[in-house]
Amino acid sequence: MPLRFYNTLSSRVEEFQPLEPNKVRMYTCGLTVYDYAHIGNYRTFIFQDILRRHLRYRGYEVLHVMNLTDVDDNTIRGAKAAGIPLRDFTDKYINAFEVDAQLLNLQRPEIVVRATDHVDDMVKLIQVLEAKGFAYRSDGSVYFSVRDFPGYGKLAQIDLSGLRAGARVDSDKYDKTDPRDFVLWKAAKEDEPYWDSPLGRGRPGWHIECSVMSMKYLGETFDIHSGGSDLVFPHHENEIAQSEAATGKPFVRYWLHGEHLIVNGEKMSKSLGNFFTLRDLIAKGHKPTAIRYLLASVPFRKPLNFTFDGLHQAQQSIDRLRNFRYRLTMEKFPAGESSELQERARAARQAFEDALDDNLNTAEALAAIFDLVRDANTAMDRREFHDSDRAAFLDVLERWDRIFAVLEDNDHTKLLKFGFIATVEKSRAADAVISKEGGSGVTPNGYTSAVLTEALADEEIEKRIAERNAARRRGDFASADKIRAELLAAGVILEDTKAGTRWKRK
RNA sequence: GGCGCGGUACCCAAGUGGUAAGGGAGAGGUCUGCAAAACCUUUAUGCGUGGGUUCGAUUCCCACCCGCGCCUCCA
């Protein structure tokens with residue numbers, strides 16, 4: 001089945017055909033780096049990650065550019081409040097974002113760009129717009145003249161006249177001749193960062209950066225542009241206006257917009273204050289892969305209501321998949337193979353691939369893999385699963401996980417690596433550092449101590465399991481059960497299988 | 001007010017003009033020293049409400065109700 005996506009520009013699902021065969025150029029709107037990202041932001045990034053992973057799975061070479069907005073009102077305000085240079089301030093949140101991205105298994109885009117590294121390019125594009133009569137100056141700023149760009153509103157399907165009566169108009173104090181116009185270059189203000197340019201001393205408006213950086217790396221017309229649905233208007237509408245006015249060519253062929261994460265019936269957002277950051281959830285004991293699973297499990301065009309119950313359900317689902325993979329890998333099966341099961345594996349692969357081809361229907365792709373899990377487990381219990389069936393099933397799982405990326409149980413390792421948790425000894429050492437710093441609560445890794453929890457080291461766990469198994473062999477089940485209970489209390493779950501005792505962290 | 005999205009079982013959620021995927025949770029059973037995991041059985045005559053089209057609608061059309069988003073910085 002052909003790959004197809006819902007394109008905001010046409011309001012319908014369209015077959016996907018890149019400009020250049022086998023190659024996809026895509027741009028995604030990243031973060032404004034003035035604070036830790038919340039999981040609503042990550043819902044969109046995970047959708048985009050699944051998009052790029054599926055494109056690659058389908059054999060496309062993907063050239064993916066993501067921007068980071070590191071100059072705007074919020075970043076300027078934050079840097080000022082912190083009393084540090086803008087660049088230092090935004091660096092902090094870019095670093096935090098990169099840690100989060102690794103925890104969530106987000107593939108790094110081929111190109112990640114910062115707005116402040118492209119100011120010269122933005123100035124040049126604004127000059128082109130001026131030369132072509134799409135821009136005008138006012139009070140040291142430069143504006144885009146919407147009335148001069150036919151087709152404005154085609155993405156958001158905004159009726160221009162609707163913007164007048166009763167509409168809340170831009171509260172910005174800059175002077176525009178038409179309320180619909182938007183700023184390309186903002187005149188420098190007292191006490192704010194600025195760039196000297198032929199346009200005067202100032203800084204770029206928000207929308208221009210995405211036009212400039214996307215076209216610089218992807219060309220004047222490229223395949224996919226995506227972001228959260230809140231960016232449709234005005235951000236992406238304005239990008240189209242700027243880019244197409246400057247080049248006279250179509251800007252983007254497929255616009256993909258992700259729906260929002262909802263909390264208690266409302267959009268999760270900074271301004272409403274109803275948000276969780278990734279580290280908030282980690283501090284509550286939740287695992288990044290469970291968060292990834294939850295955020296990936298609902299197709300991107302549907303609002304997703306975030307609840308802790310949902311997060312728990314996600315963890316349970318991952319555990320089921322991992323338990324299956326463990327069994328598939330470790331259990332002994334009779335020699336030979338079953339053509340029926342081989343066919344079953346083939347069908348499951350087909351089903352999940354078709355689901356993703358269909359506008360990234362992740363819910364259906366999940367159903368496909370769970371169907372397979374149940375059927376395979378049933379066959380195993382009936383002794384109908386054979387040794388040579390193993391590879392086919394592992395192959396389907398591995399392929400499925402190239403997209404979902406949740407099967408690897410490496411949360412613990414990563415959380416240790418980034419200092420969110422520590423082994424008992426290291427945790428005490430970190431506490432000592434924190435108290436020496438006068439209770440600032442920041443570890444050498446830069447994370448607050450509230451996030452640190454203690455964990456048993458692997459060797460300690462294995463030692464206790466050996467003790468328990470010795471007790472079991474003696475028939476001393478009381479001692480064995482005591483050890484199991486103690487480990488459970490420390491967050492370690494034991495399972496006795498035919499292949500020996502297996503353990504995993506809760 | 002304009003534009004858009006959505007209302008499916010206890011919870012999350014897919015889906016189709018022909019009689020409701022999947023996950024979680026609950027109940028009963030099998031297996032196990034006991035657990036855990038796994039398996040089996042079971043939980044929507046029903047898909048917001050009312051009309052209409054049709055042999056047949058949850059799926060198409062109309063109206064209405066409810067929730068949310070965007071229209072202002074925002075993933």
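Chain letters run A, B, ... following the sequence lines, proteins first, then strands; residues in each count from 1.
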Can you tell me the distance, in whole Å, between the CG atom of A:Asp381 and the P atom of B:U32?
12 Å
Would you call A:Phe477 stacked on B:G33, i.e. ring centres under 5.5 Å apart with the planes less than 30° off parallel?
yes
Separation of the C1' atoms in B:A14 and B:G69, to the nearest angstrom:
23 Å
For every nucleotide of nucleotides 20-28 of chain B, 5' to 3': is a protein heavy atom under 4.0 Å from its base (B), only from its sugar-phosphate (S), or from neither (-)?
-BSBSS---
Under the side chain to side chain contact (heavy atoms under 4.5 Å, CB included) rule, collect the residues that match up with A:Glu343, sequence neighbours excluded.
A:Arg346, A:Ala347
Atom pairs under 3.5 Å, N or O on each side, protein against nucleotides 7-10 of chain B: can you list them with distances?
none

Positions of residues 485-506 of chain A (non-hydrogen atom under 4.0 Å from RNA chain B), listed by number
A:Leu494, A:Glu495, A:Asp496
Distance criterion of 3.5 Å, no angle test: do you see the side chain of A:Arg301 paired donor-to-acceptor with the base of B:C5?
no
Could you name each residue pair satisfying side-chain hydrogen bond (donor to acceptor under 3.5 Å, both in side chains) that touches residues 229-238 of chain A, not counting sequence neighbours?
A:Tyr152-A:Asn238, A:His207-A:His235, A:His207-A:Asn238, A:His225-A:His236, A:Asp230-A:His260, A:His235-A:Glu239, A:His236-A:His257
Name the stems with RNA chain B in them: runs of three or more consecutive Watson-Crick or G-U pairs, distances under 3.5 Å?
B:1-7 with B:65-71, B:10-12 with B:22-24, B:25-30 with B:38-43, B:48-52 with B:60-64
Does a side chain donor of either A:Asn105 or A:Arg292 reach within less than 3.5 Å of an acceptor in the other side chain?
no
Determine whether a donor-acceptor pair (one donor, one acceptor, N or O, separation below 3.5 Å) exists between the side chain of A:Asn361 and the base of B:G15.
no
With the side chain of A:Pro234 defined as its heavy atoms from C-beta on, choose the nearest nucleotide among B:C71, B:A75, B:C39.
B:C71
